[in-house]
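The structure under discussion appears below in the form of structure tokens.
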Protein chains: 2
Amino acid sequence: MIYSKPNDGPGAAHDRVYRALRTRIMHGDIAPGQALTLRGVGREYGVSMTPARESIRRLVAEGALFLSSSGRVSTPELTNERIEELAALRSLLEVELASRALPRAHIALIDRLQMINSAVGEAAHNRDSVGYIRANLEFHRTLYLRAQAPAMLAMAETVWLQLGPTMRALYSRLRRTDPPHFHKLIIAALKAGDEPGLRLAVRSDVTHGLRMLAS
Amino acid sequence: MIYSKPNDGPGAAHDRVYRALRTRIMHGDIAPGQALTLRGVGREYGVSMTPARESIRRLVAEGALFLSSSGRVSTPELTNERIEELAALRSLLEVELASRALPRAHIALIDRLQMINSAVGEAAHNRDSVGYIRANLEFHRTLYLRAQAPAMLAMAETVWLQLGPTMRALYSRLRRTDPPHFHKLIIAALKAGDEPGLRLAVRSDVTHGLRMLAS
DNA sequence: TCGCCGCCTTTGTGATCACAAAAGCCCCCA
DNA sequence: TGGGGGCTTTTGTGATCACAAAGGCGGCGA
């Protein structure tokens with residue numbers, strides 16, 4: 001098999017496959033319950049079963065994929081209990097991340113958040129669920145990067161990953177065309193240096209979208 | 001290669017290796033910075049490189065092992081910043097888990113916790129670091145199982161896993177022979193149904209041990 | 001005696017293969 | 001026409017191999 005580059009940076013072929021699959025799952029590119037096969041993934045990315053297996057097993061370890069008792073893997077179909085739990089985890093982790101980012105949030109960061117937020121609004125207007133999820137996650141990640149807490153951010157991303165397919169199902173179901181209200185509250189709290197307000201705004205933003213899955 | 005049983009339950013050979021390694025790491029059986037090799041692990045557990053590789057890569061994905069840029073794996077040597085972050089994560093997650101477990105904590109559970117806690121004290125008295133860590137984690141897990149929050153508990157265990165080798169280094173360094181004081185506070189708060197007290201006791205217990213690593 | 005260069009060994013990576021189990025499928029019969 | 005049994009294909013698992021790169025070690029020179 002011929003690649004464009006013999007060694008694509010640190011890591012290897014399985015890392016490329018892993019990253020591609022991870023991004024697709026996190027952005028909601030794959031519907032819940034969709035099955036994946038080792039040979040299929042390998043064929044799709046031009047690698048043998050070995051890197052495909054490593055990528056898939058890694059995603060299983062992170063909770064992004066579900067491994068049936070017979071070894072078949074598929075994207076998970078979450079129960080309501082699990083969704084509530086994951087929402088609670090998002091709330092716990094992201095409130096803390098935002099709070100830690102607050103003292104370091106200068107005006108340049110806030111400007112960037114506002115730009116990203118307009119991209120969120122645009123995706124919402126165009127009813128582009130994948131674009132909406134991607135921009136929304138970028139908004140949150142940009143803020144949390146300032147917290148200088150890599151382990152915590154990694155955990156938050158793991159939760160996003162587990163929610164990816166479900167978020168797709170959610171956002172394609174509800175027809176929202178307005179940009180998220182709570183993002184504006186987050187930005188306002190950042191500008192004002194208002195920590196309790198920021199915590200509340202983040203918790204509301206995180207909880208709001210996921211709460212309407214109980215229906 | 002001959003096994004005692006052709007199919008050891010759900011999963012397979014790699015699952016057995018994974019579980020064994022995971023337990024050893026979480027209990028602090030392996031010192032920080034210790035290197036592992038695929039062929040070495042395979043030889044130790046009587047399997048080929050494939051299951052050894054899957055187990056190790058899974059532990060890497062969970063943060064239990066560190067993967068150098070050249071592909072070598074070793075148990076991580078945590079920086080102080082990372083230890084503080086992981087302690088904060090433990091605090092966030094475990095306070096929430098304890099709080100959720102409180103309404104369901106009946107007398108039978110409290111009795112069991114007291115029994116486990118005496119095992120903790122005994123291990124401390126015998127200066128048995130691995131036994132101490134194991135009993136201590138069992139104390140916490142027994143309580144959190146009552147929270148009925150599997151995703152949250154899994155995250156907490158992932159943090160324990162990342163801290164395993166470091167906890168070993170910590171507990172073998174300091175010569176404590178007394179059972180943990182905060183466990184008694186946890187039990188007392190559970191008996192009294194005192195939620196704020198429980199939150200404080202859990203946070204103190206989690207933070208206390210890890211804080212003295214800054215030295 | 002100390003440091004550096006080159007060789008040999010160890011190690012991870014990806015590919016391929018044999019095997020068994022699971023899944024899907026089709027045909028036949030009630 | 002609907003369901004069940006058996007066959008074929010698909011799929012995951014573990015083993016093994018070839019290869020390249022990294023590591024370690026010893027010897028040689030200054």
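Chain letters run A, B, ... following the sequence lines, proteins first and then strands; every chain starts at 1.
An OP1 or OP2 oxygen of dA15(D) is reached within less than 4.0 angstrom by a side-chain nitrogen or oxygen of S48(B). For R57(B), a side-chain nitrogen or oxygen approaches OP1 or OP2 of dT13(C) to under 4.0 Å.
Residues from residues 36-44 of chain A lying near DNA chain C, meaning a heavy-atom separation below 4.0 Å, are absent.
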Give the intermediate values and the outcome of salt bridge (charged side-chain N to carboxylate O under 4.0 Å, His left out) for residues R100(A) and E85(B).
CA-CA 11 Å; R100(A) 288 180 180 222; E85(B) 233 189 299; 5.9 Å; no
Should E54(B) and R58(B) be marked as a salt bridge (charged side-chain N to carboxylate O under 4.0 Å, His left out) after you check the CA-CA gap, both sets of side-chain angles, and the distance that decides it?
CA-CA 6 Å; E54(B) 277 198 52; R58(B) 182 168 171 189; over 6 Å; no
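Residues passing the side chain to side chain contact (heavy atoms under 4.5 Å, CB included) test with R43(B), sequence neighbours excluded: R39(B).
Rounded to whole angstrom, the span from the CD atom of E54(A) across to the P atom of dG14(C) amounts to 7 Å. Put simply, CZ on R72(A) is 7 Å from C1' on dG12(D), counting in whole angstrom units. Here the C1' atom of nucleotide dT13(C) and the OH atom of Y18(A) are 19 Å apart, to the nearest Å. M49(A) places its CE atom 12 Å from the C1' atom of dA18(C), with the value rounded to the nearest Å. Going from atom CG of L67(A) over to atom P of dA22(C) covers 14 Å, rounded to whole Å. If you measure from atom OH of Y45(A) to atom P of dA15(C), you get 15 Å, rounded to the nearest angstrom.
Between the side chain of R53(A) and the base of dG14(D), a donor-acceptor pair under 3.5 Å is found.
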Please report, to 0.1 Å, the donor-acceptor pairs under 3.5 Å made by any side chain of residues 108-124 of chain A, with sequence neighbours excluded.
residue : atom : partner : partner atom : Å
N117(A) : OD1  : H183(A) : ND1          : 2.9
S118(A) : OG   : M115(A) : O            : 2.6

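Note on S70(A): only backbone sugar-phosphate atoms sit closer than 4.0 angstrom, heavy atoms only; bases stay farther off.
Checking side-chain atoms of R168(A) against main-chain N and O of G28(A) turns up a donor-acceptor pair under 3.5 Å.
Taking the charged nitrogens against the carboxylate oxygens, E157(B) and R22(B) do have a contact shorter than 4.0 Å, which makes a salt bridge.
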